[in-house]
Asker: 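The structure that follows is given in the form of structure tokens.
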Amino acid sequence: MLKLSLLIATYNRAERLIETLESVVVQDAPRGQWECVVVNNNSTDDTAERFAAFAAAHPQYNLRMVEEHNQGLSYARNRGIRESTGEYIAIIDDDERIVPEFVSAYISLFDTVPEAVAGGGPIVPVYPAGRPAWMSCFTERPIANTMYLGDRVREFPEGHIPGGGNMAIRRSAVKRYGVFDISLGRVGTSLTGGEESDLFERLRLAEAKYYYTPKAVMYHIIPEEKLSREYFSRLSYNIGVSQRRRAAFYHRVGRARVAECGKWAATAALAAWFFVTLRWSKARYLVLMRSGITRGLWSAAGHGG
């Protein structure tokens with residue numbers, strides 16, 4: 001069995017996928033220890049052709065593509081888990097770049113920390129079009145899923161989980177705790193999520209441990225189209241929808257809504273501070289985020305788009 005399988009689910013991002021793969025083929029881990037499995041989730045662009053050309057140009061690497069015809073990120077990731085063979089499974093997205101130490105960092109984590117069931121590493125946002133003036137650390141998190149917890153391997157603190165685009169898990173843990181919930185996660189161009197939070201909640205309830213892995217650095221490329229007001233509003237709403245779906249599963253919708261009211265108090269205080277310090281756009285987007293999440297959380301149907 002290989003040490004690690006690196007999984008990348010992709011949907012209509014051929015050019016970005018190739019940029020991601022360019023960072024995959026410079027890994028410093030011995031090539032015989034790992035594989036990269038790309039899951040093509042019904043792409044209608046030239047993803048398959050461009051991947052085939054890339055793999056042919058890098059025959060020394062274990063790169064392969066499989067198809068998943070059920071639309072949805074959870075379906076695609078679960079297909080990758082089934083099709084892969086590594087003892088450990090690392091998951092990234094098709095709009096990222098990883099450092100050369102990425103694969104070896106996760107292999108080292110699981111080889112040297114027996115109690116580590118899963119792990120996650122730093123997520124660093126990159127803005128090719130520039131970071132917008134309205135963005136604060138609070139409104140950046142939903143878009144870029146930023147993550148930095150220092151420079152040492154440590155157990156994730158309470159209230160923190162690995163980011164979905166930079167996580168790893170033992171195959172034995174998947175067999176024990178299950179895969180991604182197909183009722184959660186993005187489908188096509190929809191923005192609902194929550195499948196990673198659901199997985200790590202199962203681990204938390206089982207008292208399984210997951211570790212921050214500082215050398216497994218991922219750069220998240222944020223395109224200009226993800227920085228529009230319309231996109232941010234849709235994203236915020238669908239975060240609320242995802243939270244409601246998970247809360248309903250665990251029979252805690254009431255508690256989730258009470259907690260949301262408390263978050264409004266913090267939001268109001270932060271927005272007021274931004275306003276009096278003349279950072280009006282930061283205040284507006286902070287309120288936009290909170291109001292979108294609230295609308296989604298109170299959505300009776302629990303559907304987003």
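None of the values given here were measured: they were computed from a predicted structure. As a basis for the values below, the full set of heavy atoms in this structure was taken, side chains included, without hydrogen atoms, waters or symmetry mates.
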Asker: Hey, what's the ring geometry for Phe102 with Tyr106, parallel, tilted or perpendicular (30° and 60° as the breaks)?
Answerer: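 Rings of Phe102 and Tyr106: perpendicular, over 60°.
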Asker: Between Ser299 (side chain only) and Arg295 (backbone N and O only), is there a donor and an acceptor less than 3.5 Å apart?
Answerer: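 Such a contact is absent between Ser299 side chain and Arg295 backbone.
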Asker: Do Arg170 and Ser172 have side-chain atoms, one donor and one acceptor, less than 3.5 Å apart?
Answerer: no
Asker: Are Glu201 and Arg204 close enough, and set up right, to give a salt bridge (Lys or Arg N to Asp or Glu O under 4.0 Å), and what steps lead you there?
Answerer: CA-CA 5 Å; Glu201 179 146 11; Arg204 181 186 63 80; 3.4 Å; yes
Asker: Quick check on Trp280: does its CH2 atom have over 12 non-hydrogen neighbours (other residues, nucleotides or ligands) under 6.0 Å away?
Answerer: no
Asker: How are the rings of Phe232 and Trp134 set relative to one another: parallel (under 30°), tilted (30 to 60°) or perpendicular (over 60°)?
Answerer: tilted
Asker: Side-chain contact, heavy-atom cut-off 4.5 Å: Phe275 with Val287?
Answerer: no
Asker: When rounded to the nearest 0.5 angstrom, what is the spacing between CG in Leu199 and OH in Tyr177?
Answerer: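 Answer for the CG-OH pair, Leu199 versus Tyr177, is 11.0 Å.
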Asker: Report yes or no: does Arg257 contribute a side-chain atom to a donor-acceptor pair with the main-chain N or O of Arg244 at less than 3.5 Å?
Answerer: no
Asker: Looking at Glu68, Glu67, His69, which hits side chain to side chain donor-acceptor pair (under 3.5 Å) with Asn42?
Answerer: His69
Asker: Does one side chain, of Asp181 or Ser74, offer a donor that lies under 3.5 Å from an acceptor on the other?
Answerer: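 Per modelled atom types, Asp181 and Ser74 side chains form no pair under 3.5 Å.
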Asker: Quick one: do the Ser5 and Glu35 side chains pair a donor with an acceptor below 3.5 Å?
Answerer: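 A pair is found: one side chain offers a donor N or O, the other an acceptor, under 3.5 Å apart.
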Asker: So which atom in Ile169 and which in Ala173 form the shortest heavy-atom distance, rounded to 0.1 Å?
Answerer: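 Smallest interatomic distance, heavy atoms only, reads CG1-CB, 3.8 Å.
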Asker: Check Asp95, Asn166, Thr146, Asn145 against His220 for a side chain to side chain donor-acceptor pair (under 3.5 Å) and give me the one that passes.
Answerer: Asp95
Asker: Distance alone, cut at 3.5 Å: any donor-acceptor contact between the side chains of Thr10 and Arg16?
Answerer: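 Side-chain D/A pair, Thr10 to Arg16: absent.
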Asker: Can you check whether Val24 reaches Ile8 side chain to side chain, under 4.5 Å on heavy atoms?
Answerer: yes
Asker: Angle class for the Tyr61/Trp34 ring planes (parallel below 30°, perpendicular above 60°, tilted otherwise)?
Answerer: tilted
Asker: Pair Tyr88, Leu2 - check side-chain contact (heavy atoms from CB on, under 4.5 Å), show working.
Answerer: CA-CA 8 Å; Tyr88 316 134; Leu2 294 170; over 6 Å; no
Asker: Kindly indicate whether the side chain of Leu73, heavy atoms from C-beta on, has any atom under 4.5 Å from the side chain of Tyr11.
Answerer: no
Asker: Determine, stepwise, if the pair Arg13 / Asp93 fulfils salt bridge (Lys or Arg N to Asp or Glu O under 4.0 Å).
Answerer: CA-CA 10 Å; Arg13 284 178 173 169; Asp93 291 330; over 6 Å; no
Asker: Please confirm whether the ring centroid of Tyr210 lies under 6.0 Å from the ring centroid of Phe200.
Answerer: yes
Asker: Are the side chain of Gln243 and the backbone of Asn238 linked by a donor-acceptor contact shorter than 3.5 Å?
Answerer: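 Pair absent, no side-chain N/O of Gln243 close to backbone of Asn238.
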Asker: Shortest non-hydrogen contact from Leu227 to Pro223?
Answerer: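 Residues Leu227 and Pro223, closest heavy atoms: CG-O, 3.8 Å.
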Asker: Do any N or O atoms from the side chain of Arg31 and from the backbone of Val25 form a donor-acceptor pair under 3.5 angstrom?
Answerer: no
